[in-house]
Amino acid sequence: RMTRKYLLVVCLATSLLGLTFWMAVMLNEDCSRPLCSENVQISRTSNEHVMTDATEAKRLTPRANPGGVRYKDGHQLAVLVPYRDRFEELLEFVPHMHKYLDAQRVRHQIWIINQVDHHRFNRAALINVGFLLSKARGCDYVAMHDVDLLPLNPHLSYSYPSRGPFHVAAPELHPRYHYATFVGGILLLTGTHFEKLNGLSNIFWGWGREDDEFYLRMKEAGLKVERPVGITTGQNTFKHIHDSKKRKRDYASYYNQRKVSRTRDYETGLRNVQYEIVKMVNMTISAAPCVIVNVKLACDKTRTPFCDVPS
C-alpha cells in the first residue's frame, strides 16, 4: 500500500511539473507575439517626443521625410515659420507642407519658431534664430514661410535657389499683397546668401515692413529676386487661412517706430540677434514631422522702445 501511495505521489508531482513547464513555454510564446513587441515599441516611441531643455537641444533633429521618399538632390530645405498663437493654422500647415514637399521630392525640415516672451511679435528676429538652428542641423537653404499661406499649385518650385532669392509668393499670385517690391509670404534663399545679407533686421516689432527692409538688403547686395513663371492659377495659387477677425494684426506704431521702420538698418541682423531657447521638441502632426522651438527674444529698449506696448 505504501508503495502504491508513493508511486501515486510521484506521478502527481511529475504531472504538476510538466503542466508548470508547459504553461511557462506558452507564456513565453505569448510575450514573443507581435502584440507584446508593439507594446514595448509604443512605450519607447512615446519618449522620443517629450519636451526637453536647452542643454539637450542639439540632440533634437527633425526627421525629414521618414517615409522613404527618393530626394532629387543632396540639398536640405529648412521651412522657417515665425509663430505665435496660431494653433489651428499650424495643424493645417505642417501636414500640408510635408505632403507638398514630399511630392516635389524636396528633402526638408519644418521649424516652428515660437515666440514665448511678452514683447510684441518680431517675425524677422525669429527667422534669424531659425536659420542659426537649422543650419546647425544640416540645412543649406531656407524658406521664410508664413504659417497662414499654403501653396496649392504643384508647379511652385521649392528647389534649391542656386541663381538667387526665389520669391514663391509673387505679387501677382499672393492673395493680398501685390506691389512690385513685395518679397514676403514665402521667400527661398541659400544659406550663403542669407549670411551674406546678415539675415533680417531685428528692429521690427509688431506687424509688417521687415520684408521691405530685407528687399533693400538684397538690392544693395546685387541679388536679383526671381519669381515663378508660367503659373496660370492667379490668386487661387495659394490658400490663405488667416482669420483677421479672430487674430488682429499689430499695426500700431509707438515712439519713433514709424520713422525707424522706414529706414535701412545697417546695425542689426543675423550676427547679433539676441535670444534664449526655452524648449525644443520633435513632434508629428498627422504623421508630418516638425520641430517646435520656444524662444524668448531680447529687446534693446534704448534702440527700440516700441518692442513693448506702452502701459
Side-chain angles (χ1 to χ4, degrees), residues 48-54 56-66 76-102 106-139 141-151 158 168-169 184-189 191 194 199-200 207 210-211 238-243 246-247 249 270 273 275-297:
E48 292 175 0
H49 304 293
V50 295
M51 297 289 280
T52 183
D53 60 29
E56 298 177 311
K58 290 185 70 176
R59 296 195 301 108
L60 281 174
T61 304
R63 294 181 304 150
N65 308 325
Q76 184 158 215
L77 168 67
V79 180
L80 304 181
V81 184
Y83 177 86
R84 176 186 267 175
D85 299 333
R86 300 285 193 90
F87 186 66
E88 297 92 339
E89 296 171 10
L90 183 67
L91 292 181
E92 186 171 358
F93 177 86
V94 173
H96 178 92
M97 289 307 304
H98 180 62
K99 181 178 180 180
Y100 187 90
L101 294 171
D102 269 0
V106 171
R107 187 191 308 268
H108 63 275
Q109 300 175 10
I110 299 176
W111 290 78
I112 311 301
I113 315 301
N114 180 33
Q115 185 176 339
V116 297
D117 55 64
H118 297 293
H119 300 309
R120 299 169 72 193
F121 189 63
N122 192 324
R123 177 179 180 268
L126 293 175
I127 291 173
N128 285 338
V129 174
F131 176 85
L132 293 172
L133 296 175
S134 61
K135 179 185 177 183
R137 308 322 304 169
C139 295
Y141 73 114
V142 298
M144 300 156 46
H145 213 300
D146 289 350
V147 72
D148 59 6
L149 197 61
L150 306 180
Y158 279 72
V168 179
I186 309 168
L187 180 66
L188 273 59
L189 290 98
F194 194 86
L200 291 91
W207 185 262
E210 75 288 333
D211 48 353
F238 299 95
K239 179 180 180 182
H240 195 218
I241 56 178
H242 178 71
D243 187 341
K246 185 175 181 180
R247 294 185 176 87
R249 286 171 172 158
L270 178 68
V273 61
Y275 65 96
E276 174 191 354
I277 298 175
V278 180
K279 295 282 186 181
M280 292 181 68
V281 58
N282 278 352
M283 67 179 297
T284 57
I285 302 175
S286 298
C290 66
V291 165
I292 295 182
V293 186
N294 288 352
V295 175
K296 286 184 177 180
L297 299 175

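Just the heavy atoms: all of them, side chains too, but no hydrogens, waters or symmetry mates, feed the values below.
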Do you know the tightest heavy-atom contact between [X] and [Y]?
X	Y	value
W111	A78	CD1-CB, 4.2 Å
L90	P95	O-CD, 4.2 Å
I285	C290	CD1-SG, 4.3 Å
G185	R123	N-NH2, 4.2 Å
D117	R84	O-NH2, 2.9 Å
L200	A124	CB-CB, 3.6 Å

Original post:
Which is it for V273 and L132 under the side chain to side chain contact (heavy atoms under 4.5 Å, CB included) test, yes or no, and what are the steps along the way?
Top reply: CA-CA 10 Å; V273 61; L132 293 172; 4.1 Å; yes
So, do [X] and [Y] sit near enough that their side-chain heavy atoms are less than 4.5 Å apart?
X	Y	value
V168	L188	yes
E92	I241	yes
V293	N114	no
I110	V291	no
F93	V79	yes
Q76	R137	no

Whether the side chain of [X] engages the backbone of [Y] through a donor-acceptor N/O pair (distance < 3.5 Å, no angle test) should be reported.
X	Y	answer
D146	L149	no
D148	H240	no
Q115	N122	yes
H96	P151	yes

Subject >> M283/V94 under side chain to side chain contact (heavy atoms under 4.5 Å, CB included): CA gap, chis, key distance, verdict >> reply: CA-CA 11 Å; M283 67 179 297; V94 173; over 6 Å; no
**OP:** Determine the sole option in L80, I277, N128 for which the side chain to side chain contact (heavy atoms under 4.5 Å, CB included) test with L133 is passed.
**Re:**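 Answer after filtering L80, I277, N128: I277.
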Original post:
Looking at L126, I127, V81, I292, which one forms a side chain to side chain contact (heavy atoms under 4.5 Å, CB included) with I113?
Top reply: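 Exactly one candidate clears the test, L126.
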Original post:
Which class fits the ring pair Y100 and Y158: parallel under 30°, tilted 30 to 60°, perpendicular over 60°?
Top reply: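 The arrangement is perpendicular - the two ring planes meet at more than 60°.
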**OP:** Mind checking the CZ-CD1 spacing from R86 to I112? Nearest 0.5 Å is all I need.
**Re:**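 That separation rounds to 12.0 Å.
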Subject >> Stepwise side chain to side chain contact (heavy atoms under 4.5 Å, CB included) test for H145 and M97 >> reply: CA-CA 10 Å; H145 213 300; M97 289 307 304; 3.7 Å; yes
**OP:** Please lay out, stage by stage, how D102 and H108 fare under the test side chain to side chain contact (heavy atoms under 4.5 Å, CB included).
**Re:** CA-CA 8 Å; D102 269 0; H108 63 275; 3.4 Å; yes
Original post:
When the aromatic ring centroids of Y141 and F194 are compared, is their separation below 6.0 Å?
Top reply: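 Judged by ring-centre distance (under 6.0 Å), Y141 and F194 do not meet the cut-off.
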